[in-house]
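A note on names: the letters A, B, ... follow the listed sequences, proteins ahead of strands, and every chain is numbered from 1. Atom set for the values below is all heavy atoms of this structure, side chains included, hydrogens, waters and symmetry mates excluded.
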Protein chains: 2
Amino acid sequence: MKKTNRQSTLQLSTSQEDYLKEIFLLSERGEPVTTLALAQKIGVKSASVTDMIKKLMELGLVQRKPYQAIYLTEAGNRVALEILRHHRLLETFLAEKLGYRLDEVHGEAEQLEHVISEQFEKAIARMLGHPRRDPHGDPIPTFNLVMPTDTTERTLYSLKKGDRAQITRIMLQDRQSLKHFKTLNLLPGTIITVLDKFEDCMQLSILGQEQKPIKIPLSISEEIMIVPSSLISGKTQ
Amino acid sequence: MKKTNRQSTLQLSTSQEDYLKEIFLLSERGEPVTTLALAQKIGVKSASVTDMIKKLMELGLVQRKPYQAIYLTEAGNRVALEILRHHRLLETFLAEKLGYRLDEVHGEAEQLEHVISEQFEKAIARMLGHPRRDPHGDPIPTFNLVMPTDTTERTLYSLKKGDRAQITRIMLQDRQSLKHFKTLNLLPGTIITVLDKFEDCMQLSILGQEQKPIKIPLSISEEIMIVPSSLISGKTQ
DNA sequence: TTAATAATTTAGATTATTCTAAAAGTTTAA
DNA sequence: TTAAACTTTTAGAATAATCTAAATTATTAA
């Protein structure tokens, strides 16, 4: 069991931390946290999940009754937020300081998140000016493990023809999509206007490059978060 | 088996990489590479070393006959140099960019060295200006895995009364000594003069703080590398 | 409501790394 | 040169994380 490098008293393995993180992320998205869902996210078989959940329950990090939904205890939640903070700070560091592309940050952060010390976390947080979001626009849990929320944020899907907004977050995960969005220039910070909205897609123009409008399937517009233009406060970070 | 993140074809575990690194370091210092020596360095029992050496032999990274000295093959040597390059680049990065103290860099680098990708290695090497030495003054293997050598370097011990020299390398490992040397200001780059040399110790003055001479046991003076003042070329890095 | 389908768990194995205790081999010093 | 001391290996076991295949439980749809 490879041990990791976390502050709190109990030493967890990389694998255990991954399970806790994925339970958190599934819950956060409102998706059911099942044995199968976890197995698919983590890339193991269901039987392995059953075993690991049993272990995490013994450690007081997870709760469930057999065949019932899985959820984190308060302690489990703290660990998940800690790992997520590592992950998102690392992504920010890789993008801003080491010149990684948006589609490259996730994989490397995935490895490093279990290994860095508190000292490393603090040092990069400081170096980056205590960012509130990572390069995807995902919120970074604070040093005291609170997940920041932005009540003004909504989906691109929610906009109507003529609306103007700033992109705050790209919730797509796969590298291909991220590369594509990069080339389109549809990234956190970008300001867009809805030129038209149809049954299956919407047409956008990007501030500063109005000459080439962009078409986005509605399904994807739900994976892009924005703040309406009237509410833009100046700073996205 | 926790897998690491290295360029070459074969995927080694953190543990395997540690064995290869320690074999390299023992050989390099001219110390005998025995089962017991490795066990002590790595912090496992001899029986575990026997097993692991068997595995590394099967992988073609190590050679020996039972009860005989252990040494690296060409392939094993490459892996060791790769890990050592990671380690020393990371130490440099932690010290220069994240404000770590000299005695803090080793532990963190020890964890990270097995996890960072080629891309990460290249990025920090670039950011640091392709340093030739880490904060201890230890040489950093080049990107093509050649260990730089400095033929002008010798031990502090070798100096005579009245000699002047620049410290290039502190070969002590324990955190306590490193802290102590930091407070004495005896660090790579420091220029010293030998005020006197006795049977058991030598007395030094440090350029810029001649008012307080420093006494060093001879045993320790063998762990400090210097270049004589006449040979100082200007750049230590 | 019950049969088919799907999800979950159990049982039994496998792989990697480590351990302890005992056996085997090597070195050393009288 | 041989007995004591030390090093190394072997044998057997433990732990962690995973797997497959079979059994169990839950859900769904007729």
Novice: Please give, in whole Å, the distance from D:dT9 C1' to B:L36 CG?
Specialist: 13 Å
Novice: Would you say a side-chain N or O of A:T50 is under 4.0 Å from OP1 or OP2 of C:dT10?
Specialist: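 Looking at the OP1 and OP2 atoms of C:dT10, neither is under 4.0 Å from any side-chain N or O of A:T50.
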Novice: Provide the closest heavy-atom pair for B:P148 versus B:P139 in the form atom of the first, atom of the second, distance.
Specialist: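 In terms of heavy atoms, the two residues are closest at O-CB, 3.7 Å.
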Novice: So what does A:T35 touch, heavy atoms closer than 4.0 Å: a base, only the sugar-phosphate, or nothing?
Specialist: sugar-phosphate
Novice: Please determine whether a side-chain nitrogen or oxygen atom of B:S13 lies at a distance below 4.0 Å from atom OP1 or OP2 of C:dT17.
Specialist: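 For C:dT17, OP1 or OP2 has a side-chain N or O of B:S13 closer than 4.0 Å.
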Novice: A:I70 CD1 to C:dA7 P: how many Å, rounded?
Specialist: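 Taking atom P of C:dA7 as the reference, CD1 of A:I70 is at 14 Å.
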Novice: Verify the neighbour count for atom CD of B:Q68: are there more than 12 heavy atoms of other residues, nucleotides or ligands below 6.0 Å?
Specialist: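 Buried by this count: over 12 neighbours within 6.0 Å.
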Novice: Return the value, rounded to whole Å, for the distance between atom CG of B:D18 and atom P of C:dA16.
Specialist: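 After rounding, the gap between these two atoms is 17 Å.
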Novice: Could you tell me the separation between the CD atom of A:E58 and the C1' atom of D:dT15, rounded to a whole number of Å?
Specialist: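 Going from A:E58 (CD) to D:dT15 (C1'), I get 13 Å.
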Novice: Here's a test of your reading of the structure: between B:V49 and A:M52, which maps to the more 5' nucleotide of DNA chain D?
Specialist: B:V49
Novice: Go through the steps to decide whether A:R132 and A:D150 satisfy the test salt bridge (charged side-chain N to carboxylate O under 4.0 Å, His left out), and finish with yes or no.
Specialist: CA-CA 11 Å; A:R132 292 222 238 301; A:D150 183 343; over 6 Å; no
Novice: Check the phosphate of D:dT9 against B:K54, side-chain N and O only, distance under 4.0 Å to OP1 or OP2. Yes or no?
Specialist: no
Novice: Rounded to whole Å, please give me the gap between CD in A:E17 and C1' in D:dA16.
Specialist: 15 Å
Novice: Taking NZ from A:K45 and P from C:dT14, how many angstroms apart are they, rounded to a whole number?
Specialist: 18 Å
Novice: Checking contacts here: which listed nucleotide (C:dT10, C:dC19, C:dG25) is nearest the side-chain heavy atoms of B:Y67?
Specialist: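 Selected nucleotide (nearest to the side chain): C:dG25.
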Novice: Counting side-chain heavy atoms from C-beta on, which of C:dC19, D:dA26, D:dA17 comes nearest to B:D51?
Specialist: C:dC19
Novice: B:K65 near the nucleic acid: base, sugar-phosphate alone, or nothing, with a heavy-atom cut-off under 4.0 Å?
Specialist: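 B:K65: no heavy atom of the nucleic acid under 4.0 Å.
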Novice: Separation of B:Q68 atom CD from C:dG25 atom P, in whole Å?
Specialist: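 Interatomic distance, CD of B:Q68 to P of C:dG25: 14 Å.
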Novice: Nearest to the side chain of A:K55, heavy atoms from C-beta on, is which of D:dA16, D:dT9, C:dT9?
Specialist: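 Among D:dA16, D:dT9, C:dT9, the one nearest the side chain of A:K55 is D:dA16.
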Novice: Counting side-chain heavy atoms from CB outward, which of D:dA17, C:dT18, D:dT18 is closest to A:Q16?
Specialist: D:dA17
Novice: Hey, does the side chain of B:S48 come within less than 4.0 Å of C:dT18's phosphate (OP1/OP2), counting only N and O?
Specialist: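 For C:dT18, OP1/OP2 do not have a side-chain N/O of B:S48 under 4.0 Å.
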Novice: What are the two closest non-hydrogen atoms of B:I170 and B:D138, and how far apart are they?
Specialist: O-OD1, 4.4 Å
Novice: So if I take every side-chain heavy atom of B:S15 and compare against C:dA21, C:dT10, C:dT18, which nucleotide ends up nearest?
Specialist: C:dT18
Novice: From C:dA7, C:dT9, C:dC19, pick the nucleotide closest to the side chain of A:P66?
Specialist: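 Minimum distance to the A:P66 side chain belongs to C:dT9.
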Novice: Side chains of A:I116 and B:E108: closer than 4.5 Å at any heavy-atom pair?
Specialist: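 With C-beta onward as the side chain, the pair touches.
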Novice: So which atom in B:F181 and which in B:I220 form the shortest heavy-atom distance, rounded to 0.1 Å?
Specialist: CZ-CG2, 3.5 Å
Novice: OH of A:Y19 versus C1' of D:dA16: gap in Å, rounded?
Specialist: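 Atom OH in A:Y19 sits about 11 Å away from atom C1' in D:dA16.
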